[in-house]
Q: 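Dumping the structure here so I can ask a few things about it.
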Number of protein chains: 2
Amino acid sequence: MKILPEKTIERLSQYRRTLNNFYADHNSNRIFSHELAALLNITAVQVRRDIMFIGYSSSQRKGYNVQELIQVISQIIDTHEPINVAVVGYGNLGKAITTYFVGNRPKLNLVAAFDIDPKKIGQETHNIKCYSIDRLREILVAKDITIAILTVPTHAAKDMAKILVQTGIKGILNYTTVNLHIPPEIYLEEYDMITSLEKVAYFVKNKNQ
Amino acid sequence: MKILPEKTIERLSQYRRTLNNFYADHNSNRIFSHELAALLNITAVQVRRDIMFIGYSSSQRKGYNVQELIQVISQIIDTHEPINVAVVGYGNLGKAITTYFVGNRPKLNLVAAFDIDPKKIGQETHNIKCYSIDRLREILVAKDITIAILTVPTHAAKDMAKILVQTGIKGILNYTTVNLHIPPEIYLEEYDMITSLEKVAYFVKNKNQ
DNA sequence: GTAATATTGTTATAAAAATAACAATTCCTC
DNA sequence: GAGGAATTGTTATTTTTATAACAATATTAC
């Protein structure tokens, strides 16, 4: 299948979770585009357009089959073979992410955490063990880790990214406030909490324009 | 000034931080658009266009004055009066955000944290005190809190949002995976870590298309 | 001082994303 | 079973965002 728009991919992830919740709550296997849209604060057209993109279609006039739709979305956003993920930096943010992860995400396995603090090394939360940052290279390779979530302090971000790149990581989700410079074949997604907050502040201030 | 594009606001926040770092590191008061762009992994045109939007201009051919540019950006994204912010949910993520906040952000004050866990109530990190969630209404009003960062567990998100809305909050930054339904006059920014990770996984998988 | 060069500021174009419009289909009512 | 209503699927349009093109200006080299 042709690659899908970035925003559609983001929404597909949310559709899937929302559909799972919907199914658990309502025990109904039918959902209308406007129902799904309302749950996500978006428009029904947007939902239908995304669903068109992924090539799914319902028996018209009776909404979508919830489980089928979950299946189709999963075929697109999940990989065939599970992908192994590591959290690099096991401070508060790293631990928060580990907790978010607990549950059923069969194709994305969080398999290791790393930190420099001896007190954290050896800790195990939700079956995720924390290793010394010194063993980063070794364990990334040994455990076939493809994606890294970077949550180290600012001063360490650059060096960690360097090691990740050298080890052949495929994707980095960067939560540090450091702008990383890595080869273009590695997929880099950056998120900056301070920027988000400053954005909220700006639009709170300028809401009447 | 006319309201600026959302993406420009996001970048302005990052320009400012990058410029502050640049000034500290280089002790130079001049920066070219392509230098700033390189630091942020974007194009020089994008930088110049954003700077055009905010109405700043340099003496041509010699780059921008770093401190002036910081000033101009601050005038746009900062408020005149400081804005008070609270973290609702003082688990790992709430604590992580508190830590991120430490430093010089004169116009955005994190003034309180809230949690339901008696063990956390009364804790104080970086001068931020944790209060009982029972006192949320009271303290939001007393401390004139305008923006809330929501980091509570899924099951509590809806109720917390309700209280925030009732108390007249102006903006919410929602890190829970629950889609909130709040009046449109409240600015809502949502961020979903799982979605971000699933997005990275998708584009790692489909990078060659 | 003139030509070449580097940089900005701005307009024009392209690409991405969201919204609107509407035909097609199915279901329901009578 | 005819007519109306609700819903989907898709094309068209608009809006937002990013990129490209290029004139204007200042600096440097000679």
Side-chain angles (χ1 to χ4, degrees), chain A residues 1-15 19 22 28-66 68-69 72-73 184 188-190 195 199 202-203 206 209, chain B residues 1-15 19 22 28-66 68-69 72-73 184 188-190 195 199 202-203 206 209:
Chain A
M1 175 182 293
K2 183 154 171 29
I3 207 159
L4 297 168
E6 198 172 318
K7 298 290 178 187
T8 296
I9 295 299
E10 291 180 13
R11 283 190 296 269
L12 287 179
S13 164
Q14 303 191 323
Y15 293 161
L19 289 167
F22 181 87
S28 159
N29 211 17
R30 286 271 155 203
I31 193 167
F32 295 124
S33 60
H34 65 260
E35 289 178 310
L36 185 52
L39 290 169
L40 287 152
N41 287 323
I42 59 176
T43 66
V45 187
Q46 182 107 77
V47 169
R48 295 203 300 274
R49 211 154 188 295
D50 286 332
I51 291 175
M52 190 192 86
F53 271 131
I54 66 178
Y56 178 71
S57 77
S58 76
S59 54
Q60 248 168 355
R61 181 60 223 279
K62 255 302 183 191
Y64 300 98
N65 182 303
V66 176
E68 273 179 26
L69 189 46
V72 174
I73 292 174
L188 174 64
E189 170 87 8
E190 309 207 270
T195 291
K199 183 176 159 193
Y202 176 83
F203 285 106
N206 302 59
Q209 294 173 43
Chain B
M1 176 181 292
K2 183 150 170 36
I3 208 160
L4 296 169
E6 199 172 318
K7 298 290 177 188
T8 296
I9 294 299
E10 291 180 14
R11 283 189 297 267
L12 287 179
S13 164
Q14 302 191 325
Y15 294 160
L19 290 168
F22 180 86
S28 159
N29 212 18
R30 286 272 154 202
I31 194 167
F32 294 125
S33 61
H34 65 260
E35 290 178 309
L36 185 51
L39 290 169
L40 287 152
N41 287 322
I42 60 176
T43 66
V45 187
Q46 181 106 78
V47 169
R48 294 204 300 275
R49 212 155 188 293
D50 286 334
I51 291 175
M52 191 192 83
F53 272 131
I54 66 179
Y56 178 71
S57 79
S58 75
S59 56
Q60 249 169 354
R61 184 61 221 278
K62 255 298 181 191
Y64 301 98
N65 181 303
V66 176
E68 272 180 26
L69 190 46
V72 174
I73 292 174
L188 175 65
E189 170 85 8
E190 310 207 273
T195 291
K199 184 177 159 193
Y202 176 83
F203 285 106
N206 301 58
Q209 293 172 44

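Naming: A, B, ... by sequence-line order, numbering from 1 per chain.
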Q: So, does Arg30(A) use its side chain to make a donor-acceptor pair with the main chain of Lys62(A) at under 3.5 Å?
A: yes
Q: Tell me, do Glu10(B) and Lys7(B) make a side-chain contact under 4.5 Å, heavy atoms counted?
A: yes
Q: Measure the distance from OH on Tyr64(B) to P on dA6(C) and round it to the nearest whole Å.
A: 17 Å
Q: Counting heavy atoms from C-beta on, name the nucleotide in dT8(D), dA18(C), dT8(C) closest to the side chain of Lys7(A).
A: dA18(C)
Q: Nearest 0.5 Å please: distance from the CG atom of Leu4(B) over to the CZ atom of Phe203(A).
A: 8.0 Å
Q: Is any side-chain N or O of Ser33(B) closer than 4.0 Å to OP1 or OP2 of dT8(C)?
A: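 For dT8(C), OP1 or OP2 has a side-chain N or O of Ser33(B) closer than 4.0 Å.
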Q: Where each residue is assigned the nucleotide of DNA chain D containing its nearest heavy atom, which of Lys62(A) and Met52(A) is assigned the position nearer the 5′ end?
A: Lys62(A)
Q: With a 4.0 Å cutoff (strictly under), does any side-chain N or O of Arg48(B) reach OP1 or OP2 of dC22(D)?
A: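 So the side-chain polar atoms of Arg48(B) never come under 4.0 Å of the phosphate oxygens OP1 or OP2 of dC22(D).
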Q: Rounded to whole Å, please give me the gap between CD1 in Ile9(B) and P in dT17(D).
A: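 Nearest whole value for this atom pair: 11 Å.
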Q: Does a distance-only test, which skips hydrogens and angles, find a donor-acceptor pair under 3.5 Å between the side chain of Arg49(A) and the base of dT19(C)?
A: yes
Q: With nearest nucleotide decided by heavy atoms, which residue, Ile31(B) or Asp50(A), maps closer to the 5′ end of DNA chain C?
A: Ile31(B)
Q: Using whole Å, what does the distance between atom C1' of nucleotide dA16(C) and atom CD1 of Ile3(A) come to?
A: 14 Å
Q: Side chains of Ile9(B) and Leu12(B): does their closest heavy-atom pair fall under 4.5 Å?
A: yes
Q: What integer distance in Å separates Ile42(B):CD1 from dA20(D):P?
A: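 In whole Å, dA20(D) P lies 14 Å from Ile42(B) CD1.
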Q: Looking at the side chain of Glu6(B), which of dA17(C), dT17(D), dT19(C) is the nearest nucleotide?
A: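 It is dT17(D).
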Q: Could you check whether Thr8(B) gets within reach of a base, just the sugar-phosphate, or nothing at all, counting any heavy atom under 4.0 Å?
A: nothing
Q: Distance check needed: dG9(D) P versus Ile51(A) CD1, whole Å only.
A: 7 Å
Q: Mind calculating the distance between CG (Leu4(B)) and P (dT16(D)) to the nearest angstrom?
A: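 Nearest whole value for this atom pair: 13 Å.
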Q: Is there a side-chain polar atom (N or O) of Ser58(A) under 4.0 Å from OP1 or OP2 of dT8(D)?
A: no
Q: Can you measure Tyr56(A) atom OH to dT8(D) atom P for me and round it to whole angstrom units?
A: 11 Å
Q: Please classify the nucleic acid contact of Arg11(B) as base, sugar-phosphate, or nothing, using heavy-atom distances under 4.0 Å.
A: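 The answer is sugar-phosphate, as Arg11(B) gets under 4.0 Å only of primed atoms, P, OP1 or OP2.
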Q: Check whether any side-chain heavy atom of Gln46(B) sits under 4.5 Å from a side-chain heavy atom of Asp50(B), and report yes or no.
A: yes
Q: Expressed as a whole number of angstroms, how long is the span from Phe32(A):CZ to dG9(D):P?
A: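 My rounded result for the distance is 12 Å.
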Q: Does a nitrogen or oxygen in the side chain of Gln46(B) sit under 4.0 Å from OP1 or OP2 of dT19(D)?
A: yes
